[in-house]
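Contents: one structure, followed by commentary.
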Amino acid sequence: MRELKVYNSLSRTKEIFTPLISGHVGMYVCGPTVYSDVHLGNCRTFISFDVIYRYFRYLGYKVRYVRNITDAGHLEGDRDEGDDKFSKKARVEQLEPMEIVQKYTLGFHKVMELFNNLPPTIEPTATGHITEQIRMAQCIIDNGYAYVVNGTVYFDVEKYNKEKPYGILTNRKLEELLEGTRDLGGQDEKKGRLDFALWIKASSEHLMQWPSPWGMGFPGWHIECSAMSEKYLGKQFDIHGGGMDLAATHHTNEIAQSEACYHTAPVRYWLHTNMLTVNGVRMSKSAGNGFLPGELFTGSHPLLEKAYSPMNVRFFMLQTHYRSTLDFSNEALQAAEKGLKRLLEAYNHLEKLSIDTKGPAGNKELDEKVRKLVNEFDENMSDDFNTAKVLASMFELVPVINSIKDKTVDLSSLSKDTLTLMQEKFKNYLFDVFGLKQVTETDNSKLQGVIQLLIDIRREAKSKKDFVTSDKIRNQLLQLGIAIKDEKDGGMSWSVE
RNA sequence: GGUCCUGUGGCCGAGUGGCUAGGCAGAGCUCUGCAAAAGCUCCUACAGCAGUUCGAAUCUGCUCGGGACCUCCA
């Protein structure tokens with residue numbers, strides 16, 4: 001299998017990826033909290049990991065890809081006596097918490113499908129794994145790293161830090177972390193400022209609560225990922241992913257919990273995706289600058305000049321490396337739209353080419369250039385999933401393809417093997433690895449017949465130099481969103497704009 | 001305040017100590033009845049200052065700007 005390098009947040013370097021079990025990859029990605037719609041920033045992370053998942057499969061790995069649905073717990077604000085988000089939302093909307101969960105889970109799945117993200121192989125929910133979480137909290141208590149106060153279980157960060165470096169993931173010392181926290185209020189139950197809850201006591205009016213050894217309550221936010229990743233991937237597994245914003249708190253606590261319970265570092269490679277920004281500022285719910293996927297697809301967001309298709313957005317994201325911030329703007333989106341169209345059209349031309357005879361390339365230099373560029377796909381993708389570079393190589397091949405299609409370059413310049421290789425790799429990357437889809441042409445055969453008829457009439461008009469008629473057909477079809485192009489070989493092609 | 005990231009041509013964005021990524025926009029040309037598309041050519045940038053080096057956008061230091069995390073957030 002090809003050598004793959006991944007950037008590991010833990011070591012802050014690119015490392016050669018070696019799976020625990022040869023040929024297999026265990027990957028856990030932090031999924032959404034389903035109490036509201038996912039915004040585009042969330043989608044970026046899921047699209048990034050979808051491409052990573054697809055690439056592992058392309059390389060021939062068997063992947064268990066676990067991505068959770070957080071449908072319980074999750075405190076509001078930073079106070080431990082805060083509300084469960086699901087309960088709070090439920091009271092506002094007069095719904096059962098599980099109705100909220102259902103609504104936004106379905107919405108999330110719909111969005112993932114529109115972006116053509118493959119579903120994870122396991123998508124566990126927090127509410128479905130309460131016992132596992134209780135068991136893990138108990139394990140941490142038994143090992144002496146957690147304590148119970150009034151029905152709530154806290155993780156003892158300072159005690160843990162005496163044996164293991166708590167801030168290892170973000171390279172920070174406990175003292176530094178402590179400086180950043182505010183003073184404990186008088187009524188706080190926690191022993192240490194950085195201590196976090198594994199299990200939270202529920203008040204009687206709390207809608208979602210479960211029995212536990214410490215009374216009725218609900219799980220803390222971080223414990224679900226630790227419990228579920230262990231259940232499905234083991235005490236140690238290959239890859240854990242998520243947005244960079246999760247590293248400092250959520251993932252740091254996950255490491256501490258797993259170490260405290262199993263005495264093992266849970267994750268070998270931590271992968272973090274960077275943030276999506278709007279005018280240079282991170283897109284987030286709290287900042288109120290979140291774009292919903294639906295607003296994008298319909299163009300209804302006030303900052304958008306037009307609608308952008310899911311594939312347009314997906315391609316836009318692929319043009320940037322996953323560890324760089326990506327700024328969201330109309331100009332960038334429109335540039336991506338045109339680029340994607342150009343690339344897909346070139347691919348469609350490429351597909352139609354074929355060479356019958358086996359023989360040497362007519363133009364050795366060009367043939368070698370093509371092979372070099374095609375081979376760069378794998379090289380760059382294996383260098384920490386550099387989708388931007390792969391696309392650059394693809395775009396360098398576009399003029400070659402178009403020139404062959406326009407017959408300004410002879411097809412026999414390339415050897416049959418090179419052409420076949422290029423066709424295969426384009427297909428692999430565009431659709432299998434990048435997960436792009438062709439813009440849906442009309443599949444209505446009757447309509448296709450009608451357009452063909454108009455094209456025939458136009459051709460006749462042109463041959464009679466009746467340009468009034470031929471232009472009328474072309475212009476009016478264009479207004480309807482159908483573009484006719486006169487090809488160099490005298491043929492006519494059409495496409496839906 | 002602490003920790004860290006970052007500053008690339010009109011815009012978006014890769015990037016390695018030496019070999020002008022790529023996309024979009026713009027200009028010219030070719031093709032074309034005209035368009036569109038396509039092809040060719042041009043637009044050769046790396047915040048500033050200093051240093052290391054034969055050579056730096058790439059390493060080091062300082063200055064300035066932007067951002068993230070330290071609080072729920074992908």
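Nothing here was measured: the structure is a model prediction, and the numbers come from that model. Each chain gets a letter, A, B and so on, in the order the sequences are listed, and its residues count up from 1.
Nucleic acid contact for Leu333(A): none, since no nucleic acid atom lies under 4.0 Å from a heavy atom of the residue. Residue-level contact check: Lys465(A) touches neither bases nor backbone, having no heavy atom under 4.0 Å from any strand. If you check every strand for non-hydrogen atoms under 4.0 Å, Ala332(A) touches sugar and phosphate atoms only. Residue contacts for Val29(A): at a heavy-atom cut-off of 4.0 Å it reaches no nucleic acid atom on any strand shown. In this structure, Gly242(A) reaches the sugar-phosphate backbone alone: every heavy-atom distance under 4.0 Å involves primed, P, OP1 or OP2 atoms, never a base.
For the pair Phe467(A) and rG33(B), the ring geometry qualifies as stacking, because the centroid separation is below 5.5 Å while the planes lie within an angle under 30°.
Rounding to the nearest 0.5 Å gives a distance of 13.5 Å between NZ of Lys425(A) and CG of Leu430(A).
For the OP1/OP2 pair of rG33(B) and a distance below 4.0 Å, the side-chain nitrogens and oxygens of Arg459(A) include no atom meeting the criterion. Contact annotation: Arg342(A) side-chain N/O to rA38(B) OP1/OP2 distance is under 4.0 Å. Residue Asn42(A) has a polar side-chain atom (N or O) positioned under 4.0 Å from OP1 or OP2 of rA74(B). Residue Thr170(A) has no polar side-chain atom (N or O) positioned under 4.0 Å from OP1 or OP2 of rU3(B).
Counting only Watson-Crick and G-U wobble pairs whose two key distances fall under 3.5 Å, RNA chain B forms stems of three or more stacked pairs at B:1-7 with B:64-70, B:10-12 with B:22-24, B:26-30 with B:38-42, B:47-51 with B:59-63.
Side-chain to base pairing of Asn386(A) with rG15(B): no donor and acceptor N or O lie closer than 3.5 Å to each other.
Checked by atom type, the side-chain pair Asp383(A)/Tyr7(A) shows no donor-acceptor distance below 3.5 Å.
Atom pair Trp494(A):CH2 and rA36(B):C1' shows a separation of 17 Å (rounding to whole Å applied). Per the geometry, CZ belonging to Arg172(A) stands 15 Å off P belonging to rG1(B), to the nearest Å.
Heavy atoms only, all atoms of each residue included: Val38(A) and Pro32(A) are closest at CG1-CB, 3.9 Å.
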